[in-house]
Amino acid sequence: MPNVQSLRCKECGRDYPQEPIYVCDFCFGPLEVIYDLDAAAKNMSRDSIQDGPLSMWRYDQLLPASRESAVDIGAGMTPLFKADNLGKELGLNNLWIKNDAANPTHSFKDRVVSVAATKAVEFDFDTIACASTGNLAGATAAHGAKANMNTMVFIPSDLERGKIIGAAIFGSVILVNGNYDDVNRLCSELGDDRRWAFVNINMRPYYSEGSKSIGYELAEQLGWRAPDHIIVPVASGSLFTKVFKGLNEFAKLGIIDSNDSKMHIAQPSGCSPVATALIEGQTHPKPVIPDTIAKSLAIGSPADGFYSVEIANNTGGSATIVPEREIAEGMKLLAETEGIFTETAGGVVISALKRLAKENIIHPDEETVALITGTGLKTLEAIADQVETRTIEPTIGSFDEIVIGSAVT
Ligand SMILES: *Cc1c(COP(=O)(O)O)cnc(C)c1O
Ligand SMILES: [Zn+2]
């Protein structure tokens with residue numbers, strides 16, 4: 001069983017029972033799950049983790065839902081591999097890629113939704129819903145199907161086709177004429193008089209805990225230690241804060257010796273409120289209206305922006321604003337060197353990594369992990385006019401003429 005102690009307000013520290021609530025009644029601060037770490041320590045060791053299932057649920061002692069009743073379509077335990085080709089290109093000798101595009105619906109959002117859906121069943125909701133920038137839509141619809149729940153997925157109408165169809169196959173998708181922040185506001189209003197589990201609104205304290213499992217996996221896959229650097233694509237900032245929280249919990253439990261990871265923010269120039277705040281020395285990101293091809297990162301009012309800036313500063317991390325035209329370049333670089341086709345958010349991460357290496361913010365021998373959070377097959381629009389193919393007639397003559405004849409010798 002999980003070791004949840006309470007929900008606690010991140011601002012004033014008031015405690016609340018485990019319910020489908022997300023803001024503090026007194027100060028409107030966000031609520032976060034707090035664990036009894038002594039109890040967790042009794043049931044959790046490197047060995048017990050390794051004896052667990054090959055999914056994120058092997059870390060169930062530090063998740064706010066029960067493994068036995070988990071809505072589990074196989075999220076987590078994605079590959080972490082040494083990226084020697086890309087490392088050589090960038091002058092990094094100790095570079096790792098965490099490929100979360102390998103999750104069941106091809107993004108890290110399966111981790112957060114697996115926890116939120118399990119909790120939704122536990123709270124006896126019959127409808128699961130979300131406001132999504134894209135990947136959350138597919139993850140919510142898929143887990144809703146697995147849990148036999150009604151699904152209501154709300155997304156901006158200008159989203160990539162791969163994300164719309166990839167969610168609609170599982171359940172009900174509603175396209176909203178507006179940007180993500182409009183969709184999110186609509187969902188908050190809808191939630192006021194309907195008893196629905198909105199995974200990223202009233203279930204947010206539980207949902208966001210799912211992202212910690214990336215931190216746990218990094219530590220386990222690196223041989224039980226935290227890396228020197230982690231580069232994270234930031235939208236609301238939830239993933240960024242939770243990867244760090246996961247590593248901190250492992251350090252507190254003695255599962256790793258310490259957590260000295262420097263946390264680096266990566267955002268596209270068309271939506272960079274969090275990175276801009278850090279670079280300009282502000283604590284609170286100023287809201288922006290997003291205009292970026294990295295649609296999964298297009299959150300203009302980032303709920304966890306303040307906490308992300310704080311963590312990047314406290315860990316000696318950094319922030320990079322990636323110019324829009326360098327997003328596709330990052331996608332191509334990862335594909336050509338490591339054989340991984342990432343989405344636009346991954347392009348942002350790889351281009352940010354390139355800058356950090358070039359400016360010696362990351363030193364060549366430091367252990368560095370770049371988080372790849374989604375697949376390029378859902379964002380074909382972003383790259384379609386930048387890849388080349390040739391068409392021939394089904395004859396040797398045509399092949400010789402068009403392929404061999406045009407080859408540069
Ligand atoms: C949702 C998402 C993120 C970041 O999300 P946060 O809101 O910052 O937790 C990063 N990459 C991809 C591909 C996403 O879908
Ligand atoms: Zn409070």
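Each ligand, and each atom within it, is numbered from 1 in the order the structure gives.
Distances below 4.0 Å separate heavy atoms of P233 from the following atoms of ligand 1: 4 (C), 10 (C), 11 (N). Within ligand 1, counting atoms from 1 as listed, the ones closer than 4.0 Å to a heavy atom of L297 are 3 (C), 10 (C), 11 (N). Within ligand 1, counting atoms from 1 as listed, the ones closer than 4.0 Å to a heavy atom of S238 are 6 (P), 8 (O), 9 (O).
Checked for salt-bridge contact, R204 and E32 miss the test: no charged N lies under 4.0 Å from a carboxylate O. A salt bridge links R225 with E367: the distance from a Lys NZ or Arg NE/NH1/NH2 to an Asp or Glu carboxylate oxygen falls below 4.0 Å. Between E160 and K378 no salt bridge is recorded (no basic side-chain N to carboxylate O distance below 4.0 Å). Taking the charged nitrogens against the carboxylate oxygens, K252 and D38 have no contact shorter than 4.0 Å, which rules out a salt bridge.
With hydrogens left out, the protein atom closest to atom 11 (N) of ligand 1 is T373 OG1, 2.7 Å, a heavy atom.
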Stepwise ring pair (Phe, Tyr, Trp, His ring centres under 6.0 Å) test for Y206 and F123: CA-CA 12 Å; Y206 312 101; F123 289 135; 5.6 Å; yes

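Contacts of F108 with ligand 1, taken as heavy-atom pairs under 4.0 Å, involve the side chain alone.
Below 3.5 Å of separation, one finds an N or O of N135 facing an N or O of ligand 1. Considering both main-chain and side-chain atoms, L239 comes within under 3.5 Å of ligand 1 through a nitrogen or oxygen pair. Close N/O approach between G237 and ligand 1 is found [any backbone or side-chain N/O within under 3.5 Å]. Note: an N/O pair closer than 3.5 Å links K109 and ligand 1 by distance alone. Polar contact check, E343 against ligand 1: no nitrogen or oxygen pair lies under 3.5 Å apart. Where the criterion is an N or O separation shorter than 3.5 Å, residue side chain and backbone included, S236 meets it with respect to ligand 1. Looking at ligand 1, you'll find an N or O of A235 within less than 3.5 Å of one of its N or O atoms.
The aromatic rings of H284 and F306 lie parallel to each other, their planes meeting at an angle below 30°, with 60° marking the opposite boundary.
Contact of the K242 side chain with the I214 side chain is not registered, since no non-hydrogen atoms from C-beta on lie closer than 4.5 Å.
Geometric assessment of R8 against the ring of Y16 yields a negative cation-pi assignment under the 6.0 Å and 45° thresholds. Because its NZ or CZ atom is both nearer than 6.0 Å to the ring centre of Y307 and within 45° of the ring axis, K10 counts as a cation-pi partner of that residue.
Rounding to the nearest 10°, we obtain 110° for the angle at the Zn ion (ligand 2) between C24 SG and C12 SG. Annotation: angle subtended at the Zn ion (ligand 2) by C27 SG and C9 SG is 100°, to 10°.
More than 12 non-hydrogen atoms from other residues, nucleotides or ligands lie less than 6.0 angstrom from CD1 of I392.
Heavy atoms of T133 come nearer than 4.0 angstrom to ligand 1 in no pair at all.
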